[in-house]
Amino acid sequence: MPELPEVEVVRLGLVDYVVGRTIVDAVVHDIRSVRRHLAGPHDFLAQVIGSTVVGARRRGKYLWLPLDSGDAIVVHLGMSGQMLVQAPSVAAPKHLRISFALGDGVELRFVDQRIFGGMFVSPAGAELPAEIAHIARDPLDPAFDRDDFASRIKRRKTGIKRALLDQTLISGVGNIYADESLWRSKLHFARPTEKLRRVEIDRVVVAATDVMTEALAQGGTSFDALYVNVNGQSGCFDRSLDAYGQEGLPCVRCGTLIRRDPFMNRSSYSCPVCQPRPRHPR
DNA sequence: GCTTGCGCCTGAATGC
DNA sequence: TGCATTCAGGCGCAAG
């Protein structure tokens, strides 16, 4: 699934191949992909057709394309979303949900198998769409404020992993990078946030920043001219994961077998020795 | 106000 | 073999 580095690679692709172009036509193939556009698919099309894309921006895993109208097309890739720049003659991919004709034989295609993602138009949202203003900055954002993050974390009464997955505290961290960041910083996912020391909070933020930076460095190299691809499952990134999905494999730090615990109807992977369970977990 | 849990969705993997 | 169930995940929203 697209994690923050993949989303950033998509943004870079959009900057290269979509910004500056005018949407001459568009088709919504599946209305569920515009379900967050409350005025409906016809209004969505009316808002975008004829507009020129003047930028490609990102906050966390949200992307938005500011238009010359001052509005913005907000995009979330969800679990399986892709943005493909292809010639119209290329056969329509399975799960094609929305397509934009950009003229000169270029089409922007939104492909999304599971429809967790989608698009909507944010009125006057060019600078920062109001609908995503509650999303915190991500650790790769130069304006990310570590002091503010630390003080907000300590005011929470929950486990550190839940906090890492909370978009209003820090954005862009999904289940995979949460587990990787906690493994690197040697913190158990159920450590109570209010009892964390500042040095521990800083450690996990640095770890998250490093994991994402490394993934981004790898992803940036596999970019193809006419193909803005961001499907993590296709192996766009050769992620070297130390914890996530490593159940039963030895921890590369101490050799203890990585374990999997149920967590929020999903899984948490951790090293039982490097990341000792707290006495009073949350 | 803050925290927690559900439902959305598809297809691969697993179970009987 | 074939059908049914489980799992994966981000995010908005409702409930506690």
Side-chain angles (χ1 to χ4, degrees), chain A residues 1-8 10 28-38 58-64 74-83 93-98 110-120 122 129-139 149 151-182 189-196 208 211-212 215 230-237 239 241 243-248 260-269 280-282:
Chain A
M1 73 293 325
E3 297 276 340
L4 184 141
E6 285 92 330
V7 179
E8 175 61 11
V10 176
V28 173
H29 303 281
D30 192 316
I31 59 170
R32 291 174 297 181
S33 292
V34 292
R35 64 188 179 283
R36 288 189 67 188
H37 189 87
L38 300 180
R58 181 183 63 76
R59 177 169 285 201
K61 295 182 188 174
Y62 277 96
L63 289 166
W64 73 95
V74 181
V75 183
H76 198 287
L77 300 174
M79 300 294 301
S80 53
Q82 289 173 279
M83 297 281 265
K94 201 177 177 183
H95 309 304
L96 176 63
R97 309 301 186 190
I98 304 170
F110 178 68
V111 179
D112 186 16
Q113 178 203 104
R114 291 168 68 179
I115 323 185
F116 268 47
M119 297 188 184
F120 60 91
S122 174
E131 296 85 351
I132 60 171
H134 65 287
I135 303 289
R137 294 182 184 275
D138 63 70
F149 176 69
S151 66
R152 296 183 68 197
I153 276 274
K154 286 172 84 69
R155 273 182 271 145
R156 283 297 178 98
K157 292 185 190 301
T158 188
I160 178 63
K161 183 167 172 180
R162 282 179 184 273
L164 288 176
L165 296 175
D166 186 335
Q167 296 289 296
T168 66
L169 288 174
I170 183 171
S171 69
V173 182
N175 199 40
I176 295 173
Y177 289 170
D179 279 1
E180 291 301 303
S181 305
L182 291 168
F189 58 85
R191 287 282 300 276
T193 48
E194 71 270 29
K195 289 181 185 168
L196 284 173
V211 171
M212 288 184 193
V230 255
N231 185 350
Q233 293 172 329
S234 73
C236 187
F237 294 98
R239 286 206 202 88
L241 299 174
Y244 182 84
Q246 307 298 302
E247 182 184 18
R260 183 176 75 88
D261 292 287
F263 177 83
M264 293 170 76
N265 280 333
R266 338 200 145 88
S267 298
S268 263
Y269 298 88
H280 305 288
R282 276 195 178 275

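In what follows, chains carry the letters A, B, and so on, assigned in the order in which the sequence lines appear, proteins first and then strands, with residues in each chain numbered from 1.
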Any [X] side-chain nitrogen or oxygen under 4.0 Å from OP1 or OP2 of [N]:
X        : N      : value
A/Gln113 : B/dT10 : no
A/His134 : C/dG12 : yes
A/Asn175 : C/dA8  : no
A/His95  : B/dG11 : yes
A/Ser267 : C/dC7  : no
A/Tyr177 : C/dG10 : no
A/Lys61  : C/dG10 : yes
A/Arg36  : C/dC13 : no
A/Arg35  : B/dC8  : no

In plain terms, say whether A/Arg36 and A/Glu131 are close enough for a salt bridge, that is, a side-chain N and a carboxylate O under 4.0 Å apart.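 The answer is no: the pair does not qualify as a salt bridge.
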Please determine whether a side-chain nitrogen of the Lys or Arg among A/Lys161 and A/Asp179 lies less than 4.0 Å from a carboxylate oxygen of the Asp or Glu.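 Yes, A/Lys161 and A/Asp179 are salt-bridged.
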[X] [atom1] - [N] [atom2] separation (whole Å):
X        : N      : atom1 : atom2 : result
A/Met79  : C/dA8  : CE    : C1'   : 6 Å
A/Arg59  : C/dC11 : CZ    : C1'   : 16 Å
A/Arg58  : C/dG10 : CZ    : C1'   : 15 Å
A/Leu38  : C/dC13 : CG    : C1'   : 13 Å
A/Gln167 : C/dC13 : CD    : C1'   : 15 Å
A/Lys157 : B/dG1  : NZ    : P     : 17 Å
A/Lys94  : B/dC9  : NZ    : P     : 18 Å
A/Arg152 : B/dC2  : CZ    : C1'   : 12 Å

How close do A/Ala163 and A/Ile153 get, heavy atom to heavy atom, and via which atoms?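 Looking at all heavy atoms of both residues, the shortest contact is CB-CD1, 3.6 Å.
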Hey, does A/Tyr62 reach any base, or is it just sugar-phosphate, or nothing, if we go heavy atoms under 4.0 Å?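 Sugar-phosphate, no base atom in range.
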Please say which of A/Lys61, A/Arg59, A/Arg58 ends up in a salt bridge (Lys or Arg N to Asp or Glu O under 4.0 Å) with A/Glu8.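 For A/Glu8, the salt bridge (Lys or Arg N to Asp or Glu O under 4.0 Å) check succeeds only for A/Arg58.
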Between A/Arg162, A/Arg191, A/Glu194, which is the residue that forms a side chain to side chain contact (heavy atoms under 4.5 Å, CB included) with A/Arg282?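 Passing option: A/Glu194.
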Given the structure, check if the side chain of A/Arg162 and the base of B/dG5 hold any donor-acceptor pair shorter than 3.5 Å.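 Per atom types, no contact qualifies.
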Assign each of A/Asp166 and A/Arg266 to its nearest nucleotide of DNA chain B by heavy atoms, then name whichever residue's nucleotide is nearer the 5' end.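 Comparing both residues, the 5'-ward one is A/Asp166.
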